[in-house]
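Here is the structure we will look at, set down as structure tokens.
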Amino acid sequence: MKTLIQNGNIVTAVDNFTADVLIDGSTIAAIGAHLPAQNVDKIIDANGMLVIPGGIDNHTHLDMPFGGTTSADDFESGTRAAAFGGTTSIVDFAIQTRGGKVQDGLEAWWKKADGKACIDYGLHMIVTDLSEGSTDPDKALASMDSVVREGVTSFKLFMAYPGVLMVDDGTIFKALSQTAKNGALICMHAENGNAIDVIVKRAIAEGKTAPIYHALTRPTTAEGEAVHRAIALAEMAGAPIYIVHLSSNEALEKVAEARDRGVMAYAETCPQYLLLSLEDMEKMPDFEGAKVVFTPPLREKWNQEKLWEGLRMNTLQVVSTDHCPFCFKEQKELGRGDFTKIPNGGPGIENRLQLLFEHGVNKKRISVNRWVEITSTTPAKMFGLYPRKGTIAVGSDADIVIWDPNQEHVLSAKTHHMRVDYSMFEGWKIKGNAKIVLSRGEVIVDNGQWKGRAGRGEFIKRATYAGAWK
Ligand code: URP
Ligand code: ZN
Ligand code: ZN
């Protein structure tokens, strides 16, 4: 099957030019002006459109047991929603259960994705227990090497959620030392979980149980301190580190300081931190604030422009979603009367490109090239997918979005494709949307119509971080 995309404005992280793109099977075969249309099966007229590499969301939690329930999108509904918003690859987080084997966590996630994923997916591994329940306190270090060989080339560790996912500094240091050797990348949830736990217990004892107290009991200093500690441990181990869902200026400053010294410290933020604030949460009546209960929490509004500045200055390299949806009516409800029981997470997999186009590109906070870079190219480079994904180049997978920069639409739970009963951005007006989405050469979204199918998405064996930068 040959497809010719004609006359689009091709936008990559570095280029912006008008040309045709010829797709042969699943990959890009040629890029040039006026490519011949004979022997082509399908022509897509992209006049007036941007032609961009498909988005890569390297931080999603599909079908994840968490907070006494399971995230509402599975691999089918979540990847389908991603595609509608122009995202053509995800990297989801598999979990090693406490006392369980790392390999078992990986196999559990393959099962969840099998027959369901609509777009290509990679997996990170959340490591919770280096002993894997055995008498060998470091058994999982070898298991980390073995999953890296299977293409799971990044891990997530938690400095928060004591008793659930949190690991201590010794474990973090050992894991970082292992990735210094095997070339993988550690993603860190950086908040001081032990201190937060004390503050939370005090709040509950004082009868402060409403959703807003979730945010008020997780100070920015708890994030800044953990980011600093995580980077220091990485520096000692001689390994790179990637801070996930960075939310505050205090944390950002720690990354900037390390990067200024040449430390391999990287960080992502998410649309919710760029666009929503603690002040917005305070205005939400009754139990509505549960809709924006996630960790780290929303911050005071002034932090937002600092994060945008961080994106411009490359202190932040990536915007992911941390998509972890829980329905308001049935799941967030678990924490009515006790904010500690509200499942932590929010929906966003569908709206990342749209929100950043409207509030980044249209509002002139970032260039259109930087938009592509932070949503596709750098995630691909950072997580070992480049150049197969993350750019428009001959030989790359034909994961391509025909983006209409002028399409006006309104975000709403009534029309979105995520399997969740609310939107964090209900009623927000956006100019710019994915019109046609191709995954490995196949049109999967065509003018708002679903053309893909469950199970067509493939597991991507990723290169190591070290390999990706060779
Ligand atoms: O609240 C959040 N962020 N939920 C998802 C799990 C995590 O920490 O990333
Ligand atoms: Zn996290
Ligand atoms: Zn997350």
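This is a predicted model, so every value here is computed, not measured. Whatever order the structure lists ligands and atoms in, that order sets their numbers, starting from 1. Residue numbers start at 1 and run along the sequence shown.
Residue Met313 places its CE atom among 12 or fewer non-hydrogen atoms of other residues, nucleotides or ligands, all under 6.0 Å distant.
Among the heteroatoms counted here (N, O or S) of His189, ND1 is the one nearest to the Zn ion (ligand 2). Of all the N, O or S atoms in Asp322, the one closest to the Zn ion (ligand 3) is OD1.
Note on ring orientation: taking the six-membered ring where Trp is involved, the planes of His245 and His59 are tilted (angle from 30° to 60°). Tyr465 and Tyr266 have tilted rings, their planes meeting at an angle from 30° to 60° on a 0 to 90° scale.
The Zn ion (ligand 2) does not have Ala160 among its coordinating residues (no N/O/S atom, backbone or side chain, under 2.8 Å).
Every atom of ligand 1 with a heavy atom of Cys324 under 4.0 Å away is listed here by number and element: 5 (C). Here is the list of ligand 1 atoms found below 4.0 Å of a heavy atom in Phe294: 1 (O).
For atom 8 (O) of ligand 1, the candidate residues are Met64, His189, His59; the nearest heavy-atom contact is made by His189.
Contacts between Asp322 and ligand 1, counted as non-hydrogen atom pairs separated by less than 4.0 Å, involve the side chain only.
The closest protein non-hydrogen atom to atom 6 (C) of ligand 1 is His61 NE2, 3.6 Å. Atom 1 (O) of ligand 1 has its closest protein heavy atom at Thr295 N, 2.8 Å. For atom 7 (C) of ligand 1, the nearest protein heavy atom (residue, atom name, distance) is Lys156 NZ, 3.4 Å. Looking from atom 4 (N) of ligand 1 to the surrounding protein, the closest heavy atom is Asn344 O, 3.1 Å.
For His59 atom NE2 and His61 atom NE2, the angle they make at the Zn ion (ligand 3) is roughly 110°, to 10 degrees. Lys156 contributes NZ and His245 contributes NE2; the angle these two atoms make at the Zn ion (ligand 2) is 120°, rounded to 10°.
Checked against a 6.0 Å centroid threshold, the rings of Phe66 and Phe93 do not count as neighbours. Less than 6.0 angstrom separates the ring centroid of Tyr273 from the ring centroid of Phe294.
Residues Asp286 and Arg336 are paired through a salt bridge, judged by an N-O separation under 4.0 Å between the basic side chain and the carboxylate.
Within the model, atoms CZ of Phe339 and CG of Leu216 stand 8.5 Å from one another, a figure rounded to the nearest 0.5 Å.
Only one option out of Arg259, Arg261, Lys254, Arg229 pairs with Glu235 in a salt bridge (charged side-chain N to carboxylate O under 4.0 Å, His left out); it is Arg261.
Residues Leu356 and Val361 are not in side-chain contact: their nearest non-hydrogen atoms beyond the backbone lie 4.5 Å or more apart.
For the ligand labelled ligand 1, residue Phe158 lies inside the 4.0 Å heavy-atom shell.
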